[in-house]
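Ligands are counted one by one from 1 in listed order, and the atoms in each one are counted from 1 as well.
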Amino acid sequence: MLIRPFLSLILTCFVTISLSAGGGMWLPLLLENLNEEEMQAMGMKISAKDIYDINNSSLKDAIVHFGGFCTGEVISNQGLVLTNHHCGFGAIQSHSTLEDNVLENGFWAKNKMEEKPNAGLFVTFIERIEDVSDQVLAGVTDELSESDRDKLISGNIDALKEGYQLNKFEEVLVKPFYDGNQYFAFVTKKYTDVRLVGTPPSSIGKYGADTDNWEWPRHTGDFSLFRIYTAPDGSPADYAPENVAMTPKKHLEISMAGVKPGDFSMIFGFPGRTDQYLSAEAMRQRTEVVNPIRIGMRDKSLAVIDSAMRANPQVKIDYASKQARIANSWKKWRGESEGVATFDGIENRSAMETEYNQRLAAKPNAKQAYGNLLPEINSIIAKREEVAKARAYVSEINYNVDLFRIASVLRGQLRVADNNGIEAFTARVPRIVNYLKNFYKGYNAEIDKRVALALLPAYYEELPEQYQSQYVRDQADFAGSQSRVIQDLFNRSYLTRGDRLINLLETNPQGAVDMIKGDMAYQFVLQLNKHNETHVVDIYNEYQQRLAPLQRQYMKGLMTMFPEKRFYPDANSTLRVSYGKFEGFEGLDGKDNHYMTYLDGVIDKYVPGDYEFDLPAKLIELHEGKDYGQYATADGKLPVCVLGSNHTTGGNSGSPALDANGRLVGLNFDRTWQSTMSDVNYDPAICRNIMVDVRYVLFLIDKLGGAPHLVEEMTLVK
Ligand code: ARG
Ligand code: GLU
């Protein structure tokens with residue numbers, strides 16, 4: 001009884017949309033009904049069916065979810081996949097040693113034999129998407145309790161999934177949209193033999209590193225190339241030497257024509273998460289309370305890590321990925337909080353809520369259904385604040401201190417021994433050892449200890465006493481001081497000595513289990529987290545559970561009360577299309593932020609030997625000789641990065657930037673400073689996504705990398 005009205009709610013919302021780009025991340029299968037007209041009015045020359053079609057090949061057949069955390073696209077009929085450098089980073093790093101430093105020097109496979117396999121890496125295609133709201137919500141009524149609702153829905157989903165005839169490597173994912181008002185199923189096909197084909201040196205792929213990250217103007221060549229391999233018969237298969245390059249259903253054509261400001265642009269990929277419909281109060285808590293805590297904790301850990309990386313080239317390799325991961329969110333939260341504050345996100349959201357209440361006041365029936373939601377939501381948000389703060393501190397400790405990370409991983413494994421016996425545990429040892437070998441490869445107990453010394457005092461000093469574990473407090477008392485207990489943890493624990501732990505696991509699993517359980521650091525982390533789970537996380541989750549139905553109703557209320565507005569479902573790592581224009585923006589200072597950067601700008605920023613702004617000598621030579629080949633603009637410049645008004649978020653990294661004809665013109669990789677507020681507060685005047693121009697990508701492969709054979713594999717359109 002709830003479902004069909006909801007669908008018509010979405011559809012009627014679009015009758016009166018104004019024909020201007022206004023953000024949003026849209027479901028490919030709904031474009032024809034909801035967006036096609038607007039997209040074409042903005043200049044798109046293809047149809048919604050060219051983008052998504054289940055009967056014929058369409059652009060969607062060239063898009064992959066890369067490793068589950070980024071997007072990639074197929075750009076040749078031999079399964080070549082383009083994604084960001086920072087998406088391929090883990091793979092690139094894993095092939096790097098001081099002797100053969102792929103990360104630092106770059107790498108281009110001269111032929112398929114040289115392409116490098118990556119255990120664990122996969123890509124998934126979306127075969128088709130279906131609206132399954134009727135089946136998933138069958139029997140659901142407003143009267144059900146939230147837990148009964150959840151049970152019914154998960155039963156319905158199980159039954160639904162059984163109806164799908166799936167081949168090996170196929171899967172069906174069912175996900176909620178509009179806070180659970182609607183459900184879609186995604187049939188996916190996974191390929192697990194994905195090999196590294198090439199990457200520019202990190203000085204180019206990560207040019208500007210943290211200083212330029214999340215900022216404009218930008219000069220980063222943030223791309224890498226992979227290839228999908230299949231069994232000889234073309235079906236997905238795990239790595240095997242006899243596997244062959246994939247013959248894809250579809251690959252993207254590449255436009256060499258370039259783009260102008262105002263041209264239509266489209267981003268096709270897998271945005272991870274947005275929270276576009278938070279109440280003003282929830283937005284305040286996120287941007288003024290939780291973000292600052294997390295930022296402050298990472299200020300401290302990054303100070304330690306950055307100085308260690310600058311001092312030692314081996315540490316620079318070992319910590320590259322970890323540092324990038326920690327720094328990326330750190331800077332993102334800063335941009336988000338600053339954006340919301342500068343552009344009055346909270347005030348604007350409050351004004352919208354006032355209007356919502358006024359509209360409700362004029363409609364007694366609607367007021368009855370939707371009138372109490374905001375006060376109820378806000379009262380829960382207010383009660384949640386204390387645990388939200390504690391949760392932020394502890395999760396930052398767990399995230400930044402490797403000793404904590406590994407203790408938690410081992411805790412999960414010991415549960416197997418406790419619940420299923422030592423045989424079950426022993427059977428898992430090879431996998432555990434594999435994981436640990438990877439983990440300890442770049443582990444540095446000394447740096448890790450300094451991170452812990454920087455972060456743990458917050459636990460003792462910032463958390464209200466009831467959120468602190470008595471055991472953890474006692475340890476500090478016994479040791480005499482907080483820093484003493486941290487020193488002891490690192491000095492006495494076996495978890496900082498990977499080889500001994502691995503050796504024991506391999507020779508004597510029961511001995512290893514006993515040793516871990518008796519380990520001082522293991523116990524410390526265990527007690528801290530157990531207390532945190534019962535006194536903080538469980539409470540936090542209870543609030544979240546109480547919020548879920550309210551937020552779901554509120555979503556419906558918003559759509560009902562603002563029929564003239566466009567509502568797109570929050571991002572949830574499913575395939576979406578965003579569209580807008582290639583365009584710059586005017587900054588707060590009235591400064592015109594031009595939409596494109598060029599190689600000249602890369603060279604302007606060059607600081608020889610610098611940690612972030614060094615460049616390979618060959619690039620300087622190519623620039624001096626203006627040797628840009630077919631990749632230059634008509635006036636002889638080499639485009640590097642370009643801005644657009646597409647609504648994107650984390651996960652959209654590596655997404656193709658497509659032009660009006662659906663051809664590849666760039667590769668999405670970032671947003672501008674303050675744009676990151678778009679996760680909670682998209683503002684079309686400010687929010688811009690950053691793409692690397694495909695001509696720079698091709699230039700780097702061909703001229704810098706000396707791999708023209710790869711460009712020849714692609715379909716370039718003049
Ligand atoms: N900010 C971009 C994103 O969120 C790029 C991150 C990688 N670059 C870096 N300097 N850490 O993924
Ligand atoms: N760099 C982000 C990613 O890894 C995409 C940019 C963004 O968050 O806007 O997905």
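Heavy atoms only, all atoms of each residue included: Ser94 and Ala91 are closest at OG-O, 2.8 Å. For the pair Gly272 and Thr649, the tightest heavy-atom approach, listed with the atom from each and the gap, is N-CG2, 3.6 Å. The shortest heavy-atom contact between Gly72 and Val81 is CA-CG1, 4.2 Å.
The distance from ligand 1 to the heavy atoms of Ser653 drops below 4.0 Å at these ligand atoms: 12 (O).
Within 4.0 Å of ligand 2, protein heavy atoms belong to His86, Trp214, Thr648, Thr649, Gly650, Gly651, Asn652, Ser653, Phe669, Asp670, Arg671, listed by chain and number.
A donor atom on one side chain and an acceptor atom on the other are not found under 3.5 Å apart for Asn668 and Asn652. Using modelled atom types, one finds a donor on one side chain and an acceptor on the other under 3.5 Å when comparing Asn291 with Glu336. Side-chain contact, Asn444 with Tyr319: no donor N or O sits under 3.5 Å from an acceptor N or O.
In Phe669, the part holding a heavy atom less than 4.0 Å from any atom of ligand 1 is the backbone. The side chain of Lys206, and not its backbone, has at least one atom closer than 4.0 Å to an atom of ligand 1 (non-hydrogen atoms only; side chain from C-beta on).
Here the protein heavy atom with the shortest distance to atom 10 (N) of ligand 1 is Ala209 O, 3.5 Å. Protein heavy atom closest to atom 8 (N) of ligand 1, with residue, atom name and distance, is Asn213 OD1, 3.9 Å. In terms of protein heavy atoms, atom 12 (O) of ligand 1 is closest to His86 NE2, 2.9 Å. Nearest protein heavy-atom neighbour of atom 6 (C) of ligand 1: Asn328 OD1, 3.2 Å. The shortest contact between atom 2 (C) of ligand 1 and any protein heavy atom is with Asp670 OD1, 3.2 Å.
Put simply, NZ on Lys60 and CD1 on Ile51 are 12.5 Å apart, with the number rounded to the nearest 0.5 Å.
Remark: distances from the non-hydrogen atoms of Gly650 to ligand 1 are all 4.0 Å or more.
Under the side-chain hydrogen bond (donor to acceptor under 3.5 Å, both in side chains) criterion, Trp333 pairs with no residue, sequence neighbours left out.
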Inset, instruction - Apply side-chain hydrogen bond (donor to acceptor under 3.5 Å, both in side chains) to Ser653 and His86, showing your working. - result: CA-CA 8 Å; Ser653 275; His86 77 264; 2.8 Å; yes

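Each of Asp670, Asp693, Asp212 was evaluated against Arg218; a single residue qualifies, Asp670, per the salt bridge (charged side-chain N to carboxylate O under 4.0 Å, His left out) test.
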